[in-house]
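Below is one structure, written out as structure tokens; the observations come after it.
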Amino acid sequence: MNPYIPNTPQEVGQMLESIGVDDIDALFADIKPEHAPKSFDLARGLSEYEAVRRLTELSLKNNVQAVPFIGGGFYDHYVPAVVSSLTFRGEFYTAYTPYQPECSQGTLQALFEYQSFMCALTGMDVSNASLYDGGTALYEAMMMAIRITGRNKVIMDGGVSPIYRKVLWTYTHHLSYEFQETPVVHGQSSRQEIDKLLDKNTAAVILQNPNFFGAVDDFTDIIARAHSVGALAVVSVYPVSLGLLKTPFEMGADIVTGEGQSLGLPLNFGGPYLGFMCARKNFIRKMPGRIVGETVDSQGRRCFVNTLQAREQHIRRQKATSNICTNVTLCALQAAVFMAVVGKNGLKQMAQLNLDKAEYAKQLLSRIKGVEVKRSSPTFNEFTVHLPMDASKIVAAMMKKGFAAGFPLGRYYPGMERYLLVAVTEKRTKEEIDRFAKAFEEVLEA
């Protein structure tokens, strides 16, 4: 007998007879021979010491020494030591979904504080208790707008992250929604093209600030036009940039989403990350996930509860939204600790450092022969450069010199093979930026 499957051969035979097949192999008859596993001859198990040693050997193959100038939605920001110290306390680290508020006050208050921070950051009225990541958060916002308006047409700006756009297309591939995508003109959203597409069937206009090319925009005029036909405005934002930039609320946005990785979460090979969603109060009952609220108990003491949970287990199924559960809570807590530690003024200083260092990098790169820094739009900490050769080749050469040089835009934008997206965060020192520019020049000369 298999130690993990407590069925005797006799019991297996009875089950096969009940379902009308001769043997277990018949259950897999639909799998073609070329697709079937050739062998289950696995290597012997390792002891703890052997496993640690093997994993250490594998980890040393990673290039952890490269200085990152790469962004594209995920950034190398500094995370104060106290953030992980508090986040990994056992009370939080092992906490499960707080269905019983009487024994979950710590987790509930942490989520309430997270929601409060996100509202303060974006200027919006309400926030949910987090989502999976920036891409799925944007999808949830789009679906929320469709539910609110009862319409099925969505206009998506070409400056929205191509990664996020793929998420939206994948999720809605078999659904009856009409997608219209507008081009970016000189780094900015095309007002003219968006205006042409807006009509009474439009549920939402989806925008991003700064956009994927790093360009900063003020969407007030676009949002006003969308509202004039009854459409909602969904804006994806980079949270650190809000230390300096106009908030989406000030622009008139209805729903705001984004990737929260820059709020105290390390890069971690792509996750786990944190999606956030904020909205106007009148849309609160259409939000996915859960919302934690403050109240008082029977003795008048301040306490916290799950105020809204629009999942199918709690309300009528036809009115339910997506269920976002336990796995993102720890990331939301980590972001809350980060925002509490850094504070309002600290976030402003952090944003200013990002802007200043990116501008310094722009100056150095613009002096290199053959490099054109695109300046048609203002930027925050990320900008686009045009190169005299394929950007992917330059990135490969720069990696050999110890730099992750940027994101080659040709990967997602055909015809932009010579464009590179460069990001500079507060962690980059003047000496690193100087060496980066020098290495860049040497690669081009070679």
Side-chain angles (χ1 to χ4, degrees), residues 74-75 77-99 101 103-134 136-137 140 237-243 247-249 256-268 271-279 284 287-295 302-309 324-351 426:
F74 312 97
Y75 304 92
H77 290 294
Y78 179 68
V79 181
V82 68
V83 174
S84 58
S85 177
L86 291 176
T87 303
F88 297 151
R89 284 181 62 94
E91 304 96 308
F92 292 122
Y93 198 57
T94 61
Y96 189 62
T97 300
Y99 290 131
C103 60
S104 305
Q105 285 300 292
T107 297
L108 286 166
Q109 182 173 356
L111 292 175
F112 179 83
E113 302 298 350
Y114 161 81
Q115 292 171 182
S116 302
F117 285 136
M118 294 313 303
C119 289
L121 188 62
T122 61
M124 304 301 285
D125 301 324
V126 294
S127 165
N128 69 7
S130 75
L131 299 164
Y132 294 122
D133 55 35
T136 53
E140 293 291 353
V237 297
Y238 177 8
V240 173
S241 72
L242 296 178
T247 68
F249 175 81
V256 178
T257 67
E259 172 56 62
Q261 177 271 323
S262 59
L263 299 175
L265 277 69
L267 290 169
N268 278 349
Y273 287 160
L274 168 71
F276 62 85
M277 174 185 283
C278 302
I284 191 170
M287 295 182 80
R290 60 178 183 261
I291 298 171
V292 176
E294 179 183 345
T295 184
R302 182 191 190 213
C303 61
F304 303 88
V305 295
N306 275 323
T307 302
L308 291 175
Q309 300 177 85
I324 312 297
C325 202
T326 311
N327 60 324
V328 291
T329 295
L330 192 66
C331 294
L333 169 70
Q334 196 158 347
V337 174
F338 175 84
M339 288 185 279
V341 169
V342 173
K344 179 180 179 180
N345 292 330
L347 189 67
K348 288 181 178 179
Q349 293 171 8
M350 180 180 174
E426 76 286 350

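In this chain, numbering begins with 1 at the start of the sequence shown.
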Measuring from [X]:[atom1] to [Y]:[atom2], what's the distance to the nearest 0.5 Å?
X	Y	atom1	atom2	result
D133	L265	CG	CG	11.5 Å
N345	M350	CG	CE	14.5 Å
E259	Y75	CD	OH	10.0 Å
N268	C331	CG	SG	8.5 Å
T87	F92	OG1	CZ	8.5 Å

Does some side-chain heavy atom of [Y] sit less than 4.5 Å from a side-chain heavy atom of [X]?
X	Y	result
F304	P101	no
D125	C119	no
S127	M277	no
L242	P248	yes
L330	Y93	yes
H77	V240	yes

Mind listing the closest non-hydrogen atom pair of [X] and [Y] along with its distance?
X	Y	answer
A332	A129	CB-O, 4.4 Å
S130	L274	CB-CD1, 3.3 Å
A137	G275	CB-CA, 4.2 Å
V256	V237	CG1-CG2, 3.8 Å
G264	V79	O-CG1, 3.4 Å

Please determine whether side-chain contact (heavy atoms from CB on, under 4.5 Å) holds for the pair L121 and L347, giving the CA-CA distance in whole Å, both sets of side-chain angles, and the decisive distance to 0.1 Å. CA-CA 10 Å; L121 188 62; L347 189 67; 3.2 Å; yes
Are the side chain of [X] and the backbone of [Y] linked by a donor-acceptor contact shorter than 3.5 Å?
X	Y	answer
Q261	F74	no
N128	P288	yes
S241	Y238	yes

According to side-chain contact (heavy atoms from CB on, under 4.5 Å), who are the partners of P80, at least two apart in sequence or on a separate chain? Y78, V82, V83, F338, V341
Donor-acceptor contacts, no H, no angles, side chain residues 110-118, under 3.5 Å, sequence neighbours left out:
{"residue": "E113", "atom": "OE2", "partner": "Q109", "partner atom": "NE2", "Å": "3.4"}
{"residue": "Q115", "atom": "OE1", "partner": "V292", "partner atom": "N", "Å": "2.9"}
{"residue": "Q115", "atom": "NE2", "partner": "V292", "partner atom": "O", "Å": "2.8"}
{"residue": "S116", "atom": "OG", "partner": "F112", "partner atom": "O", "Å": "2.9"}

Centroid-centroid distance, Y273 to Y132, less than 6.0 Å: no
Which is it for T295 and C303 under the side-chain contact (heavy atoms from CB on, under 4.5 Å) test, yes or no, and what are the steps along the way? CA-CA 5 Å; T295 184; C303 61; 3.6 Å; yes
Any side-chain donor-acceptor pair under 3.5 Å between R290 and T329? yes
